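For reference, the structure is listed below as structure tokens.
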Amino acid sequence: MQTETQTMLSHSISAMLDKHQPSDRLREGLAATNLWGALVELGLAGAEIPEAFGGLGLSFTDIAPMFEDLGRGLATTCYLEFAVMGTWLLHASDNLVAHGLLAGAATGDTRAVLTFSEFGSAGDPAFARTSATATAAGWSLNGAKSVVVGGSLATHLLVPAMQDGKLALFLVPADAPGVTRHSLQLYDASSAADITLDNACVAASHLLARGEQASALITLALDRARAALCHEAVGLMAAVHDLTLDYVKSRKQFGQPIGAFQTMQHRLATMFMDLELCRSAADVATSAAQHSATPQQRMQAVSAAMVTLCQCARNIGQSAVQAHGGIALTREYQAGHYFKRLTMIERYLGTGDDHLERYIALAS
Amino acid sequence: MQTETQTMLSHSISAMLDKHQPSDRLREGLAATNLWGALVELGLAGAEIPEAFGGLGLSFTDIAPMFEDLGRGLATTCYLEFAVMGTWLLHASDNLVAHGLLAGAATGDTRAVLTFSEFGSAGDPAFARTSATATAAGWSLNGAKSVVVGGSLATHLLVPAMQDGKLALFLVPADAPGVTRHSLQLYDASSAADITLDNACVAASHLLARGEQASALITLALDRARAALCHEAVGLMAAVHDLTLDYVKSRKQFGQPIGAFQTMQHRLATMFMDLELCRSAADVATSAAQHSATPQQRMQAVSAAMVTLCQCARNIGQSAVQAHGGIALTREYQAGHYFKRLTMIERYLGTGDDHLERYIALAS
Amino acid sequence: MAFDYSPQDLQFADDVRAFIQANLDAGVRKKILSGMLPTRSEREKWQKSLYARGWAAPSWPVEFGGTGWTVVQRHIFDEVLTEEGAPGFPVFGMSMLAPVLMRFGTERQKREILPAILTMDDFWCQGFSEPGAGSDLAGVRSTARLEDGFWIINGQKIWTTLAHEANKIFVLVRTSVAEKKQLGLSILLLAMDTPGITVRPIITIDNHHEVNEVFFDDVRVPAENIIGEEGLGWTYAKFLLGHERTSIARIGQSRRELKRLIATASTIPWRDGMVSQAPWFKRRHAQIEIRHRILEATTLRLLAMVAEGGKPGSEANLLKIHGSEVQQDLAELWMDVVGEYGFAYGQDAIADIGEMVPWEANYVAGSYFNSRKLSIYGGSNEIQRNIIAKSALGL
Amino acid sequence: MAFDYSPQDLQFADDVRAFIQANLDAGVRKKILSGMLPTRSEREKWQKSLYARGWAAPSWPVEFGGTGWTVVQRHIFDEVLTEEGAPGFPVFGMSMLAPVLMRFGTERQKREILPAILTMDDFWCQGFSEPGAGSDLAGVRSTARLEDGFWIINGQKIWTTLAHEANKIFVLVRTSVAEKKQLGLSILLLAMDTPGITVRPIITIDNHHEVNEVFFDDVRVPAENIIGEEGLGWTYAKFLLGHERTSIARIGQSRRELKRLIATASTIPWRDGMVSQAPWFKRRHAQIEIRHRILEATTLRLLAMVAEGGKPGSEANLLKIHGSEVQQDLAELWMDVVGEYGFAYGQDAIADIGEMVPWEANYVAGSYFNSRKLSIYGGSNEIQRNIIAKSALGL
């Protein structure tokens, strides 16, 4: 059951997306259209920042469901990276420098991204190889961060690095000396950057957290993002399910709509169930991200949701293509673009294999 | 392509089974009918024993395919236990006492079983806890063997036991002092025994092999049995597939044969494919058991076959029940009995999980 | 328990649990946890203790003896009963016949029949399926013709659960010939000891006697023993089968099994450790547990919808499909947990080797075979998918 | 290689491998191994080197330029070519058009058309599918009417592979109106530069240009450019599509991918080790490898059957279904092996971080998306199951 806030947000997003139909954006080339600006205009850049810092003071539970609308509209926004992870971390870190950035974050001018992945770290900052060493002026960072979504648009980087054998989290201005960004475009139309840190120097005050505290912060940021991702997936799945349903009702073969064939009906019924299960997974993950009694409970619940999400995203995406036939694989038609985004979501914040493993590790 | 010997054996088995139809045996209670005696009458007890020892001197490749006929006829025979594992081990062990038993084995009067499983050993003799200690007269064995199929009908036991930290294989007369057998009946109508060895004593000459040699012998015996089991499974699957096909052609629902529904057709098509894949698995396993260049190659090929077998046996068994509906779960109808035997086969000489693990371990 | 229950709900769950622990016979509990069936008298004793507490029929309106609980309380009650191994409610009378009578029955039928269901003085079975009419009830061929104020029933029913323990039966029969096969059916009520009724056991491959064939040979029953109008039996049957659909996923039972599995697996050796440490066990258990958890969230989502006056649609079919598969996966995992002992046939067949073999081993194969029916009965999983395609998707 | 090949067969495989290593351009090889398409001129160069060696068309009878090999040799040849990353044969001309011409074509057609296929001086594409006729070819609506000794063709084809590189096309068109939709179709042969033909590229989501739409607007072609009899095009089309079915499982390509996967996975870090040591990688790779191995044994069983004069039935449909699934599973595993780089879009998009990222990463997502077509084209996997049910099972 939706709260009033959730309903209101959902309406704003839908209205905004009406102006930016996926079909239009497909024509222009999806990549050209990052809707971050549109979300900023709606005042959502600082949705979760307390009002005292210029934000809206909403809770995660308030904003998570709007990802379903974003998914349905196939919107590329970096909202997950800039707001759910970046801005939230700036606030949650309890660091003066970071808090000083919140006013800019609330207007969308400051955009911080968590650079959680390195080549070979399996997306898990605990396996970061980037290192931080103390200097007279503060810290010097060395390492490489991989395929950071939003990385080329960010003004600040939140960099997990090993310091004295322990994980620590640093705030690094994107234009700091020693930071090099190499932009790359991704198949789902988001833009990313490979980032190298070559003696990148920041002041001592830019250490946001270290040890247990750093791990806890980063893990929570990622789990929140995972919950939001589940909601986005629900929207994507619902949209591609609708597309497929319409298609099988109108497309004829052997003298009847292909939706009249029982195996096609069962395929669509299975897609429907996958969608419903993913809806439940989104509930589980969001509730856990907001309310869980312990981090362990939260992580288990989120990983349960992610295992489900990955499975359902894969089934629905592949099924939609199979039901459509060749047309779903053409650039002109929408279904294939949903399929691509679902394929990325299935891997972006841990694969199903990764999350099953985390779930098991937490159970024993 | 069958050889002449294979064709001849297949005919004998079919003719024998014509006299012992599964439906008759079901009425009598399958358990009552162990067809070992009928196979002995056909002269097959010593099929693989060299003619010099009173056998037929056939190769494993010659006899393996006849398991398909046995499976098709849902025959409970203990041929796997007494001949493929037991008698073969007596001969392969190159031990005088064991060789002395071969004449009796060729007439079916001597029946040796490999007691490969202990509770908790996962069917793998490498994890045997039964121990052997040297005595003045020979060896004293202590331990417990679990659910030994054919164990209550056997005249001799082939007992894997740990001796000085190494695996060894002992020949123990079933009536030796210290041997207790507790019979139990299994769901697939075979009979088994739990066997305890309480200071069971045998002469020094009854040690058949130890260390690497014992492991190699036992593993090969089990791999041969696995290959034969694949053939039996092919027969069981073919029979239950035929039963199901007949059923869906004649059974009507909603005004047409249930075989007219496309999902039912696809279910049957999938069963057909599982059957064909299992046929290939049987080829792979048999060829490996007979010809493999190295034990490692053999074990990998056999485990590949077993992974396939376990999956196909499960799919076909469950699908046959689902296609039939309730009737397949009644004692009067044949399909359920095939399902039970397939369910046991899926676990008898290692589960699919076990064999996938062995396959991976051999690869790395 | 799980998810977003209120403190009051959790307190209620504790109360229910305490009641069960105080009132349920330990032998019956163990029997049920092992997948065995309680006897009729064991069921009746338990039902009477619920009756004494006022909890005999939580799904009924208060005027007929219901509890007035919220849907969430009713859900919790069912779940706790299941977790604790209490006998299930007598569903055929309580959850199928009773709602139909409350809606379509005569005052006299309500007055005479409902109280005996509450106390289980009457134990009802359901005569719907026939050899030619399983998932397709319109194929019913048993007939009843009206003669001198009596229905004369002839025909055969199959898969009649517990017909050998029941003293009453409601049957779907053809009372008139109609163009459309769905018309001309009626539901009649009769006592099992009426002359002309013969019950023949069907023994299943797990060697259990739970279902039966029931034969009707010129069985006479007064004309008034009909539900509602003659010829509308199809409508009533659909109404009757549509009840209690959110409980169909058996969330409580699966949770119980998940816990028991872990507990048992940690007592059974496997190679150098215990089964609970084996990678295959951990992986498969986690996969089922995750699926169960998401299914539970789905159930609660539906309950919330019902609580707000909504009507769940095809989500109930989803619960049936996934709920049955979860139970089947559990039954399969049990087989592998007890290893070679999973195949021992018949109760207490297993010798107690070093007292290591768990008593569950005597039942796991039977439970596995029996679990296959879960995707067949109550509308096979194929039928459930047909329904989703038709009613939710318009295909 | 594998299984029970004779020493002669193994020697033959070595000869083929040596020939490829001596003649195949390294750039082309790398391109193909990465899942990219060779250009027409690269294909042609390779085909001409096979022609020079007398190996241009192993599937053809010797009289037309075939090799006279056994079915096992032909299988080995295909497998080794695939393993080594050689361009595929020009299938539309060689394996589809040519067998039909040999059987139903005129002497002049055989004399003029076949040699140019051998040398690839002609590169054929196939105009069968239409927007309303995919798996159901009887739905073809393009027409050709005979006027003054010319066929006048109008209509549209879709999914025409490499139409933009081909210089010839054979099209299935409706040449007369018949009661039964399967009648009245014919196959016509024409040059791509005939006036009135327009080719429009279809760009797929992996950003490749492989397929096209082809439009026919009053295209004129001499009356003799028809295959066999007017109106029997459906029969010829079925004959044409029925060829080369045992190679459909692409056993060689999957074996190549299994090896490359292991090799690449052992160069990519994963946590404290390498991807090749990750449990998920080992499990999934082993599962695919096992499936592949059994599929290979199935293929060899069929080849043995063919070699003895038998005719494989539905086993070919099995190979199509399982072969495509194995390839799709491989493409999916590739995605997870290269991790976050799997999503980089476009060739050479990836910055070379410490030279660790393998070049394959540039192609895996495209290959994965593209792999989904394998269960769609050439008769979708659903159609394959329909065929099994009908022809092998009589349902």
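Being a predicted model, the structure only gives us computed values, none of them experimental. Proteins get letters first, then strands, A, B, ... in listed order; numbering begins at 1 in each.
- Judged purely by atom type and a 3.5 angstrom limit, D:R301 uses its side chain to pair as donor or acceptor with the backbone of B:E276.
- Looking at B:M264 and D:L395, their side chains never come closer than 4.5 Å, going by heavy atoms from C-beta outward.
- For D:A392, the part lying near chain B is the side chain, with the backbone staying farther off; criterion is any non-hydrogen pair under 4.5 Å.
- Between B:E357 and D:K282, the closest side-chain pair of non-hydrogen atoms is not below 4.5 Å.
- With a threshold of 4.5 angstrom between heavy atoms, B:L268 approaches chain D through its backbone and through its side chain.
- Heavy atoms of B:A281 lying under 4.5 Å from chain D belong to its backbone as well as its side chain.
- Using a 4.5 Å cut-off between heavy atoms, D:R283 contacts chain B through both its backbone and its side chain.
- Side-chain contact check for D:R385 versus B:M273: some heavy-atom pair is nearer than 4.5 Å.
- For the 3.5 Å distance criterion, the side chains of B:Q262 and D:N386 qualify, holding a donor opposite an acceptor.
- Residue B:T308 holds its OG1 atom at 10.0 Å from CZ of D:R293, rounded to the nearest 0.5 Å.
- The two residues D:I294 and B:S280 have their closest heavy-atom pair at O-CB, 3.7 Å.
- Of all non-hydrogen atoms in D:A286 and B:I360, the two that sit nearest each other are CB-CG1, 3.6 Å.
- When all heavy atoms of B:A304 and D:I290 are compared, the closest pair comes out as O-CG2, 3.5 Å.
- Looking at D:I321, only its side chain comes within 4.5 Å of chain B, counting heavy atoms on both sides.
- Between chain D and the residues B:A260, B:P257, B:A301, the most heavy-atom pairs under 4.5 angstrom are made by B:A301.
- Contact count versus chain B (heavy atoms, under 4.5 Å) is highest, among D:Q277, D:E289, D:R291, for D:E289.
- A 6.0 Å sphere centred on CD of B:Q256 holds more than 12 heavy atoms belonging to other residues, nucleotides or ligands.
- At a 4.5 Å heavy-atom cutoff, the contact between D:H322 and chain B is made by side-chain atoms alone.
- Taking CD of B:Q265 as the start and CD of D:E382 as the end, the distance is 13.5 Å to the nearest 0.5 Å.
- For the atom pair D:T298 OG1 and B:D283 CG, the distance stands at 8.5 Å (nearest 0.5 Å).
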